[in-house]
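Since the structure comes first, as structure tokens, the remarks are kept for the end.
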Amino acid sequence: MKKDWYIDFVCQKAIELGKEFFLDTGEGNDFWDNKTQWYIEDLSGWLINPHEKEKFILARRNNTVYDEFSDEYVFVQWSKNSNQEIKITFEHY
């Protein structure tokens with residue numbers, strides 16, 4: 001499987017907030033960034049506390065994740081800063 005550096009970048013930004021990001025789906029706003037050679041887009045998923053990781057994985061397996069972790073559901077929006085570097089913003093749904 002090919003490594004997705006953009007998803008890794010998003011996950012690293014979540015770690016910087018003391019959280020873990022789990023992808024749900026792509027949300028459009030697609031862009032090919034020539035500087036990084038990444039395909040980027042807005043995303044949705046969950047921004048959870050690391051100590052809840054096992055509970056989250058179990059909820060996902062049991063198809064209860066949308067009920068149990070609805071408060072942690074976020075949209076990940078990308079933009080570029082003044083230096084043309086990719087910036088990530090997590091916004092709660």
Side-chain angles (χ1 to χ4, degrees):
M1 185 158 120
K2 188 175 176 182
K3 186 160 181 72
D4 190 322
W5 294 102
Y6 173 63
I7 297 292
D8 287 352
F9 177 75
V10 171
C11 290
Q12 182 59 44
K13 293 300 177 185
I15 289 169
E16 290 172 15
L17 298 173
K19 304 283 186 174
E20 288 193 45
F21 177 73
F22 289 86
L23 178 65
D24 187 20
T25 189
E27 296 291 340
N29 196 20
D30 304 36
F31 180 73
W32 176 259
D33 186 56
N34 286 321
K35 182 177 179 181
T36 60
Q37 296 294 296
W38 296 347
Y39 167 78
I40 61 178
E41 66 178 315
D42 292 344
L43 305 169
S44 60
W46 295 266
L47 198 58
I48 67 164
N49 292 314
H51 71 273
E52 293 185 300
K53 183 177 181 175
E54 294 303 319
K55 180 181 176 185
F56 176 84
I57 291 169
L58 183 60
R60 214 166 187 186
R61 278 191 205 134
N62 292 334
N63 292 321
T64 59
V65 70
Y66 292 98
D67 295 325
E68 292 185 50
F69 287 88
S70 62
D71 290 342
E72 289 80 10
Y73 201 79
V74 295
F75 287 103
V76 180
Q77 296 179 319
W78 71 269
S79 60
K80 289 198 172 193
N81 65 19
S82 59
N83 295 329
Q84 295 300 304
E85 297 170 332
I86 298 168
K87 176 185 163 192
I88 297 298
T89 305
F90 296 99
E91 294 189 22
H92 285 279
Y93 177 69

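Keep in mind the model is a prediction, meaning the values are calculated, not measured.
Residue pairs meeting the side-chain hydrogen bond (donor to acceptor under 3.5 Å, both in side chains) criterion with at least one member in residues 9-25, sequence neighbours excluded: Lys19-Asn49, Asp24-Tyr66, Asp24-Tyr73.
Here the shortest heavy-atom pairing between Thr89 and Lys87 reads OG1-CE, 4.1 Å. Of all heavy-atom pairs between Lys35 and Asn83, the closest is NZ-O, 4.0 Å. Residues Gly18 and Pro50 come closest through the heavy atom pair O-CD, 3.2 Å.
Under the 3.5 Å distance criterion, the side-chain polar atoms of Glu68 are left unmatched by any main-chain donor or acceptor of Val65. In this structure a side-chain-to-backbone donor-acceptor pair under 3.5 Å is missing from Tyr6 to Thr36.
Residues Ile88 and Phe9 form a side-chain contact, since some pair of their non-hydrogen atoms from C-beta on lies under 4.5 Å apart. Side-chain contact between Asp8 and Lys3: present, with at least one pair of heavy atoms (C-beta onward) separated by less than 4.5 Å. At a threshold of 4.5 Å between non-hydrogen side-chain atoms, the residues Phe22 and Phe69 do not count as touching. Within the 4.5 Å cutoff, no side-chain heavy atoms of Glu72 are placed close to those of Phe56. A 4.5 Å side-chain heavy-atom check between Phe90 and Gln77 finds every atom pair outside the cut-off.
The side-chain contact (heavy atoms from CB on, under 4.5 Å) test applied to Phe31 returns Asp33, Ile40, Trp78, Lys80, not counting sequence neighbours. Residues satisfying the side-chain contact (heavy atoms from CB on, under 4.5 Å) criterion with Leu23, sequence neighbours excluded, are Ile7, Phe21, Leu43.
Under the 4.5 Å side-chain heavy-atom criterion for Ile, Leu, Val, Met, Phe, Trp and Tyr, Val76 and Leu17 are members of the same hydrophobic cluster. Hydrophobic clustering (side-chain heavy atoms under 4.5 Å, transitive across Ile, Leu, Val, Met, Phe, Trp, Tyr) groups Val10 together with Trp5.
His92 NE2 to Phe75 CZ: the interatomic distance, rounded to the nearest 0.5 Å, is 12.0 Å. In this structure, Asn62 CG and Asp67 CG are separated by 11.5 Å, a value rounded to the nearest 0.5 Å.
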> Run the side-chain contact (heavy atoms from CB on, under 4.5 Å) check on Glu27 and Asn29 step by step: do they pass?
Replying inline: CA-CA 7 Å; Glu27 296 291 340; Asn29 196 20; over 6 Å; no
